[in-house]
Amino acid sequence: MGFAMPPTRIAADSGYTGGMLRDGPRDAYRPAELEAKWQRLWEERGTYRPSDTALRAAARPFYNLMMFPYPSAEGLHVGNMYAFTGADIYGRWRRMQSDDVFEPIGFDAFGIHSENFALKVGTHPMDLIPKNVANFTRQLKRSGAMYDWSRTVDTTDPRYYKWTQWIFIQLLNRGLAYKQKAAVNWCPFDKTVLANEQVINGACERCGTAVEQRFLEQWFFRITDYASRLLENLDWIDWSDSTKNAQRNWIGRSDGAEIVFDAERGRRNEEAAIPVFTTRADTIFGATYLVLAPEHPLVDSLTAEARRADVAAYVERTKRQDLTTRKSVEAREKTGVFTGAFARNPATGDAIPIWIADYVLMEYGTGAIMAVPGHDERDFEFATKYGLPIVRVVAEDEARADAPLEAPFTDNERGVIVHSAQFDGLTVPEAKQRIVAWLEAAGTAKPVVHYRLHDWCISRQRYWGPPIPIIYCDDCGMQAVPEKDLPVVLPFVKDFRPDDTGISPLARHEEWYRVPCPECGRMGRRETDVSDTFLDSAWYFLRYPSTEFDDRPFDAARTRRWLPVTSYIGGNEHAVLHLLYSRFITMVLNELGHVDFEEPFKKFRAHGMIIREGAKMSKSRGNVVVPDEYIREWGADAFRTYLMFLGPFEEGGDFRDRSISGVRRFLDRLWTTVLERREDGAAEPQVMRKLHQTIKKVGDDIPRLGYNTAVAAMMEYMNVLRAGERRAHRTEVEPLVQLVAPFAPHIAEELWERLGHDRGIFESGWPAYDESLAAEETIELVVQVNGKVRGRLHVPPNITKEEALAAALADEGIRKFVSGEPRKVVFVPGRLINIVGV
RNA sequence: GCCCGGGUGGCGAAACCGGUAGACGCGGGGGACUUAAAAUCCCCUGGGGGCAACCCCAUGUCGGUUCGAGUCCGGCCCCGGGCACCA
């Protein structure tokens with residue numbers, strides 16, 4: 001037991017009287033009141049709701065998208081608000097540039113997260129989700145973003161998921177959706193399959209439980225058909241490099257060759273061709289054995305009679321092992337077994353043994369490899385363990401052609417080919433080409449590209465998702481639910497708990513799954529799996545501009561005007577999930593003629609991660625920033641501005657409680673400075689110079705998301721405005737209020753109104769930058785002697801080299817470092833002069 | 001292991017194309033106002049030396065290029081993220 005520490009924050013009724021005017025406290029800056037006022041007015045006036053006319057005919061459409069949140073019971077996370085604020089500032093700024101900004105928001109409310117939480121607290125998702133959505137809506141409105149609340153999307157709304165199901169059917173009709181029994185990732189805690197993208201280091205992305213391998217009938221989307229296009233388009237789309245990089249890694253292209261090895265002797269003395277995939281065809285003369293994956297279809301027929309028992313036992317053993325163990329990097333000694341069969345190396349003509357080993361995976365390439373222990377780590381390890389021959393076919397140089405291999409030589413750039421007949425002396429890249437061409441001529445090889453990307457497993461044996469719109473009929477087989485019967489509504493069932501059978505909870509509800517076959521009318525059975533949440537979010541951005549239409553997923557004219565999305569800002573945690581799936585679905589819709597673009601997001605920027613006091617935020621640490629509390633304390637404007645100030649937006653930063661006071665003080669000063677302005681007389685040229693420099697800086701920083709430095713620039717200007725005892729002039733403060741507006745929209749609106757404007761500040765345009773007003777009269781010229789700073793001169797900006805040198809040498813403090821004739825003088829106009837060699 | 005980021009004061013961070021390192025803010029110290037505290041306002045605040053003008057050192061580390069390097073090149077060490085028995 002101990003005493004609770006008193007809160008260090010300043011309570012709403014404390015003596016904090018920031019923003020108090022010189023003539024008394026009666027008109028102090030009170031964000032809570034003022035923000036409520038403007039949020040009410042924005043809503044009443046429909047400030048951020050483009051009229052239907054505008055949606056149809058916007059002259060300068062700007063679709064400003066942010067990743068719609070999953071409405072958790074915990075409420076809006078500061079990470080959400082960080083991302084949304086960064087996007088909102090961009091949108092507000094574009095609006096002040098007279099763009100027609102459409103900034104919608106919605107809720108990604110289906111999925112295991114909600115369902116697990118509902119199970120935990122013993123409530124039903126259909127009761128839980130509307131409450132969470134209401135809470136999120138309240139929080140989002142309080143945060144001061146310019147959302148169009150007339151066009152929200154909720155993925156759990158049948159009006160929405162009707163079209164999610166429609167998309168499934170489009171893919172099915174196109175042959176891009178298929179059902180297959182396959183080894184899949186099974187999460188024993190969540191009791192469902194997971195997509196590869198949802199397995200992190202062999203564990204479930206959601207709950208962290210180790211994933212098991214199961215063989216189940218699952219629905220897949222053929223995203224692999226699009227691998228090359230998904231990869232190639234990355235070269236031209238305007239996305240953050242970090243995101244593109246993650247996608248490239250995930251798609252995992254490798255260029256190589258498929259080479260056929262003929263088996264020499266099988267159990268029934270059968271001939272068999274074994275294609276292997278390799279990226280190192282140049283090393284084929286060093287291929288001393290073949291390895292097949294234990295699941296390889298030829299294993300059974302190839303195995304020699306005498307080896308059958310051993311092979312069968314080995315295959316059985318690996319089958320029992322789950323995928324996680326088998327793929328985990330650490331602690332895995334390679335194991336394998338000889339089949340008793342041999343294959344002919346097409347390059348050397350030698351008979352080489354065929355082995356089976358678990359380090360070869362059926363799911364990649366052809367499920368078989370040619371092992372080159374001299375030049376591959378894994379093959380080397382395996383060959384050493386089982387005493388297989390190791391041959392050197394690449395060397396640092398020809399003199400070292402016979403140097404013993406203590407370790408595999410794997411450098412595939414440097415090196416020269418040896419012991420490879422007519423190819424000796426070639427470089428590795430040359431040999432790759434020439435050997436493939438040679439084998440190709442003989443009909444035993446062809447160049448091939450393989451991708452690491454797998455087809456997208458979209459079925460989930462859970463309740464809280466859109467039912468997959470399929471009906472099975474004993475007579476007619478599998479039937480898509482006809483479009484007129486969509487949506488297949490997710491029924492309210494009390495018992496939605498998943499079980500360990502690998503069958504969806506919906507399969508326990510006969511009254512729901514028994515339906516007539518759409519083809520013959522006899523009783524059939526619905527598909528009882530639901531689809532992955534990531535299918536819901538793979539197309540939501542297409543829906544926003546068309547939310548009022550119930551007879552189409554997205555209106556053609558609306559879509560032409562508003563899409564692709566102009567600017568998308570979100571987290572990199574979705575780099576290979578949502579962002580890849582959205583691209584895939586868009587490509588398919590494009591091929592089917594539903595949209596006329598194949599990339600959904602013209603521009604995407606990934607924001608950074610926000611940590612707190614140097615540590616990751618997490619519920620278990622108890623250091624999660626709850627936006628509500630901070631907004632109550634400091635106001636939404638101060639909170640927004642602080643989030644943007646704490647670090648570079650694309651890199652994230654460290655949230656420090658105490659630092660918020662800095663931006664709050666800035667807003668307080670803005671408040672008093674504007675209200676205490678004078679109208680008479682003229683602005684000071686020095687102040688106007690700084691103002692125009694600030695206009696330039698902020699205008700340059702916002703489009704590159706340099707929000708932290710934009711805020712710093714405004715603070716600097718504020719310091720200039722307030723230097724000394726003077727009161728600022730109207731023309732000095734008015735543009736500053738406009739610059740602040742994207743960051744702190746409420747206070748900006750209020751001050752704008754108090755400055756006597758009757759139209760809102762977001763209709764006021766963006767202050768114009770005047771270069772002639774920004775120009776300095778004198779500059780500080782740095783004087784270096786031999787590269788060391790020895791003085792500073794205040795000189796006219798257009799000073800010449802000769803004048804600068806003369807001025808420098810005339811300076812007593814500088815001349816004492818100059819003892820003779822300069823050997824060289826470096827002059828950077830407007831910057832510095834460097835006197836060298838004295 | 002491969003591919004991206006990143007390492008700068010007590011702290012969060014600035015620094016355009018190689019040209020004054022530390023803008024802006026937090027924290028800290030001092031002062032003004034106040035009976036007092038809070039709030040507000042003013043000054044100082046990288047380290048070391050000097051009475052002072054000033055001087056020396058300093059951007060993870062070692063080297064290089066350059067008149068000049070936080071920035072460019074090479075090696076190494078840490079931190080964050082992506083990929084990974086992927087042939």
Side-chain angles (χ1 to χ4, degrees), chain A residues 10 14-20 22 25 201 240-252 254 256 276-280 291 326-329 332 334 357-361 363-372 376-379 381-382 410 450-452 572-573 575-576 608-609 611 613-614 616 642 645-648 650-663 665-666 668-669 672 700 706 708-709 711-716 718-719 722 725 780-789 791-792 812-813 816 822-826 828 830-837:
Chain A
I10 297 157
S14 75
Y16 185 88
T17 52
M20 190 160 71
R22 283 175 218 193
N201 289 329
S240 290
D241 287 336
S242 54
T243 316
K244 293 208 238 184
N245 191 44
Q247 292 210 352
R248 284 198 185 98
N249 282 340
W250 186 261
I251 296 166
S254 46
V276 305
F277 177 67
T278 181
T279 56
R280 293 299 306 273
V291 189
R326 182 151 160 210
K327 284 186 171 184
S328 76
V329 186
R332 91 212 130 169
K334 289 179 185 25
D358 61 356
Y359 79 95
V360 173
L361 307 172
E363 61 195 66
Y364 188 76
T366 60
I369 61 153
M370 64 175 209
V372 185
D376 181 277
E377 302 271 1
R378 299 150 300 183
D379 297 343
E381 188 191 324
F382 191 80
T410 56
H450 274 291
Y451 296 94
R452 225 186 47 80
N572 247 347
E573 68 274 15
V576 293
M609 281 254 295
I611 57 171
E613 314 278 342
K616 250 187 187 164
Y642 175 61
F645 182 61
L646 57 74
E650 288 174 278
E651 285 165 41
D654 194 358
F655 190 102
R656 306 233 156 204
D657 280 30
R658 279 193 298 208
S659 300
I660 308 177
S661 58
V663 286
R665 271 198 272 267
F666 167 68
D668 288 335
R669 288 173 191 153
T672 53
D700 287 349
N708 55 334
T709 49
V711 173
M714 293 187 281
M715 287 173 164
E716 265 185 73
M718 175 66 69
N719 291 341
R722 291 173 64 88
E725 284 295 287
E780 202 175 62
L781 188 78
V782 172
V783 182
Q784 294 183 342
V785 179
N786 290 328
K788 289 200 169 190
V789 179
R792 297 169 174 87
E812 197 50 48
K816 69 180 181 198
R823 189 164 52 80
K824 182 176 174 186
V825 176
V826 179
V828 184
R831 283 248 163 218
L832 67 66
I833 183 164
N834 188 5
I835 304 166
V836 187

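Numbers restart at 1 for each chain; the letters A, B, ... are given by sequence-line order, proteins then strands. Side chains are part of it too, since the values below use all heavy atoms of this structure and drop only hydrogens, waters and symmetry mates.
Inter-residue side-chain proximity for A:T672 and A:R722 is flagged as met; some heavy-atom pair is nearer than 4.5 Å. When side chains are defined from C-beta on, A:D379 counts as touching A:I369, because their heavy atoms get closer than 4.5 Å. Considering only heavy atoms from C-beta on, A:V663 comes within 4.5 Å of A:M715 through its side chain. In this structure, A:M609 and A:E573 have side chains that are not in contact, with every pair of non-hydrogen atoms separated by 4.5 Å or more.
Closest approach of A:N786 and A:N834 over heavy atoms only: N-OD1, 3.5 Å.
Residue contacts shown for A:E651 are absent, as no nucleic acid heavy atom lies under 4.0 Å away. As judged by a 4.0 angstrom heavy-atom cut-off over every strand, A:F645 is placed among the base-contacting residues. Across all strands shown, A:Q784 has heavy atoms under 4.0 Å from base atoms, whether or not it also approaches the sugar-phosphate. Backbone-only contact: A:R658 has heavy atoms under 4.0 Å from sugar-phosphate atoms and none from a base. Using a 4.0 Å heavy-atom cutoff across all strands shown, A:K616 reaches sugar-phosphate atoms only and no base atom. A:N708 comes within contact range of the sugar-phosphate backbone alone, with a heavy-atom separation under 4.0 Å but no base atom that close.
You'll find that the side chain of A:R831 is closest to B:rG19, out of B:rA87, B:rC85, B:rG19. In the set B:rC57, B:rC67, B:rA87, the nucleotide with an atom closest to the side chain of A:N834 is B:rC67. The side chain of A:L646 lies closest to B:rG12, out of B:rG12, B:rC4, B:rC56. Minimum atom distance to the side chain of A:R722 is reached by B:rC41, of the listed B:rC85, B:rC41, B:rA87. Nearest to the side chain of A:V826, among B:rU20, B:rC67, B:rC86, sits B:rC67. Which of B:rA84, B:rC86, B:rG27 sits closest to the side chain of A:S661 comes down to B:rG27. Nearest nucleotide to the A:Y364 side chain, out of B:rU20, B:rC4, B:rC86: B:rC86. Candidate nucleotides B:rG82, B:rC24, B:rC57 were compared by shortest atom distance to the side chain of A:A712, and B:rC24 ranks first. Distance from the side chain of A:M715 is smallest for B:rC24 among the nucleotides B:rC24, B:rA84, B:rG19. Comparing B:rC41, B:rC26, B:rG19 against the side chain of A:R665 picks out B:rC26 as the nearest.
Comparing B:rC83 with B:rA14, their P atoms are spaced 27 Å from each other, to the whole Å. To the nearest whole angstrom, the two C1' atoms, one in B:rG47 and one in B:rG10, are 13 Å apart. With both ends at atom P, the span from B:rC76 to B:rG22 equals 33 Å, rounded to whole Å. Between the P atoms of B:rA23 and B:rA37, the separation comes to 31 Å (whole Å). A distance of about 27 Å separates the C1' atoms of B:rC2 and B:rU71, rounded to the whole Å. Comparing B:rU61 with B:rC77, their P atoms are spaced 15 Å from each other, to the whole Å. Between B:rA38 and B:rU45, the two C1' atoms lie 24 Å apart (nearest whole Å). Rounded to whole Å, the separation between the P atoms of B:rG6 and B:rC54 comes to 37 Å.
Between A:R452 and B:rA84 there is a side-chain N or O to OP1 or OP2 distance below 4.0 Å.
Heavy-atom nearest nucleotides on RNA chain B were determined for A:I660 and for A:I369, and the one closer to the 5' end corresponds to A:I660. Both A:D379 and A:P648 lie close to RNA chain B; mapped to their nearest nucleotides by heavy-atom distance, the more 5′-ward contact belongs to A:P648.
Judged by Watson-Crick or G-U wobble contacts below 3.5 Å, the nucleotide B:rC51 has no partner. Partner assigned to B:rC2 is B:rG82, using Watson-Crick or G-U wobble distances below 3.5 angstrom. With a cut-off of 3.5 Å on both Watson-Crick or G-U wobble distances, the partner of B:rG12 is given as B:rC24. Across every strand in view, B:rA32 sits in a pair with B:rU40 that passes the Watson-Crick or G-U test at under 3.5 angstrom.
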Inset, instruction - Kindly indicate, with the supporting measurements, whether the criterion side-chain contact (heavy atoms from CB on, under 4.5 Å) is fulfilled by A:Y359 and A:E381. - result: CA-CA 11 Å; A:Y359 79 95; A:E381 188 191 324; over 6 Å; no

Inset, instruction - Using the side-chain contact (heavy atoms from CB on, under 4.5 Å) rule, take A:Y642 and A:V711 through it: C-alpha gap first, then chi angles, then the decisive distance, then the call. - result: CA-CA 9 Å; A:Y642 175 61; A:V711 173; over 6 Å; no

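Protein atom NZ of A:K788 is 9 Å distant from nucleotide atom C1' of B:rC57, rounded to whole Å. In this structure, A:D241 atom CG and B:rG6 atom C1' are separated by 15 Å, rounded to whole Å. Counting to the nearest Å, the C1' atom of B:rC86 and the CE atom of A:M370 are 15 Å from each other. Rounded to a whole Å, the CD1 atom of A:I251 is 19 Å from the P atom of B:rC86.
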